[in-house]
Amino acid sequence: MHKTVSKWSARKLAYVGISTALIVVCTWIAVPLPSGIAFTMQTFAVCVAASLLGWKYGTLAVVAYLLLGAVGLPVFSGFRAGAGVLLGATGGYLIGFLFMAPCTGLLSSQFGNSPASLVLSMISGEILLYLFGTVWFVNVYAAKSGPMGYGSAFAVCVLPYLLPDAAKIALAAVVVRRLRPYVTVGQGGI
């Protein structure tokens with residue numbers, strides 16, 4: 001009996017480690033748009049990790065990713081690292097993954113593997129990410145550079161990324177549907 005528990009624990013730990021590595025690698029992939037804005041594949045990786053592993057292990061992968069960056073490993077976009085990145089104006093979008101992952105993981109495990117269910121689960125997580133990150137941005141930016149309204153912050157921090165994030169969600173839903181039969185972490189990812 002003990003070997004079975006250890007085997008499953010090792011498998012779960014491996015899935016968390018692979019998911020953390022996926023988030024890191026996808027963070028380093030920067031895709032420039034003609035408008036001059038670049039986006040990373042970071043949210044794609046968080047959606048995949050949370051949907052495949054469930055809220056608990058998907059969130060654990062995000063925590064591991066954030067801790068790696070906080071201690072100085074260059075895992076954030078642009079190969080940046082450190083607590084200064086997490087506490088900076090856009091750090092709320094990184095910390096917001098701690099809301100996105102459990103929301104996406106919980107909803108996707110509750111509502112199944114249909115494309116619509118996965119997409120809606122991922123959109124729900126993304127909305128939490130946008131809300132937390134934008135509120136954070138407005139407050140930190142205001143403390144450093146003067147007041148900024150939520151409308152202006154939305155126009156700068158969210159609006160340019162809506163279409164790329166929609167494409168990443170669609171791609172993540174396809175990947176999750178293909179991989180779910182092969183990734184087993186337990187009931188609902190727990």
Q: How many angstroms lie between CZ in F99 and CD1 in I127, if you round to the nearest 0.5 Å?
A: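 The CD1 atom of I127 is 15.5 Å from CZ of F99, to the nearest 0.5 Å.
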Q: If you round to the nearest 0.5 Å, how far is CH2 of W55 from CG of L60?
A: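 Taking CG in L60 and CH2 in W55, the distance rounds to 10.0 Å.
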Q: Could you tell me which non-hydrogen atom of T40 sits nearest to which non-hydrogen atom of C26, and how far apart they are?
A: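 Taking every non-hydrogen atom into account, CB-O, 3.8 Å.
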Q: What residue among I23, T59, T43 forms side-chain contact (heavy atoms from CB on, under 4.5 Å) with F97?
A: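 Only one of I23, T59, T43 forms a side-chain contact (heavy atoms from CB on, under 4.5 Å) with F97, namely T43.
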Q: Does G105 offer a backbone N or O that forms a donor-acceptor pair with the side chain of K56 under 3.5 Å?
A: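 Flag not set: sc K56 to bb G105 has no pair under 3.5 Å.
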Q: Where do C103 and G125 come nearest, in terms of heavy atoms and distance?
A: SG-N, 3.8 Å
Q: Find out if a path of hydrophobic residues (ILVMFWY) with successive side-chain heavy-atom gaps under 4.5 Å connects F39 to V158.
A: no
Q: Given the rule that I, L, V, M, F, W and Y join up when any side-chain heavy atoms are under 4.5 Å apart, are Y57 and V62 in one cluster?
A: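 Different clusters: Y57 never reaches V62 through Ile, Leu, Val, Met, Phe, Trp or Tyr contacts under 4.5 Å.
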Q: Could you grab the distance from atom OG of S108 to atom CZ of R180, nearest 0.5 Å is fine?
A: 4.5 Å
Q: Can you confirm whether Y93 sits close enough to T134 that some side-chain heavy atom of one is under 4.5 Å from a side-chain heavy atom of the other?
A: yes
Q: Once side-chain hydrogen bond (donor to acceptor under 3.5 Å, both in side chains) is applied, what residue pairs with a partner in residues 82-91 remain, sequence neighbours excluded?
A: none
Q: Same cluster for L128 and I123 if Ile/Leu/Val/Met/Phe/Trp/Tyr side chains link at under 4.5 Å?
A: no
Q: Looking at every non-hydrogen atom in both residues, tell me the closest pair between S117 and G112 and how far apart they are.
A: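 That closest heavy-atom pairing would be CB-O, 3.8 Å.
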Q: So, taking the atom named CZ in F137 and the one named OG in S152, what distance separates them when rounded to the nearest 0.5 Å?
A: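 It is 9.5 Å, given to the nearest 0.5 Å.
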Q: Taking side chain as C-beta onward, heavy atoms only, is M41 less than 4.5 Å from T27?
A: no
Q: May I ask you to test the M100-C47 pair for a side-chain heavy-atom distance under 4.5 Å?
A: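 SC-SC contact between M100 and C47 confirmed.
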Q: I'd like to check L159 versus F154 (side-chain heavy atoms, cut-off strictly below 4.5 Å). Are they in contact?
A: yes
Q: In the structure I gave you, are the side-chain heavy atoms of L66 and L86 within less than 4.5 Å of one another anywhere?
A: yes
Q: Kindly state each residue pair satisfying side-chain hydrogen bond (donor to acceptor under 3.5 Å, both in side chains) with at least one member in residues 121-131, sequence neighbours excluded.
A: Y130-D165
Q: What heavy-atom pair brings V119 and A173 nearest, and what distance separates the two atoms?
A: CG2-CB, 3.9 Å
Q: Would you give the length of the straight line joining atom CG of L118 to atom CG of L107, rounded to the nearest 0.5 angstrom?
A: 10.5 Å
Q: Do you know the tightest heavy-atom contact between L53 and Y15?
A: CD2-CB, 3.6 Å
Q: Count I, L, V, M, F, W, Y as connected when their side-chain heavy atoms are under 4.5 Å apart, and connections chain through other members. Are F79 and L68 then in the same cluster?
A: yes
Q: Could you tell me whether L163 atom CG has more than 12 heavy atoms of other residues or ligands within 6.0 Å of it?
A: no
Q: Over all heavy atoms of both residues, which pair between A64 and T20 is shortest? Give the atoms and the distance, please.
A: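 That would be CB-OG1, 3.6 Å.
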Q: According to a hydrophobic-cluster definition based on side-chain heavy atoms being under 4.5 Å apart (Ile, Leu, Val, Met, Phe, Trp, Tyr only), do V63 and L73 belong together?
A: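 In one cluster: yes.
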Q: Could you walk me through whether L120 and F111 pass side chain to side chain contact (heavy atoms under 4.5 Å, CB included), step by step?
A: CA-CA 10 Å; L120 289 174; F111 297 113; over 6 Å; no
Q: Measuring from atom CE of M122 to atom OG of S51, what distance do you get when rounded to the nearest 0.5 angstrom?
A: 3.5 Å
Q: Return the orientation label for the F76 and Y65 ring planes: parallel under 30°, perpendicular over 60°, tilted otherwise.
A: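 F76 vs Y65 ring planes: perpendicular.
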Q: Would a distance-only check, ignoring hydrogens and angles, find a side-chain to backbone donor-acceptor pair under 3.5 Å from S109 to L106?
A: yes
Q: Angle class for the W136/F132 ring planes (parallel below 30°, perpendicular above 60°, tilted otherwise)?
A: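 Tilted, since the angle between the ring planes falls between 30° and 60°.
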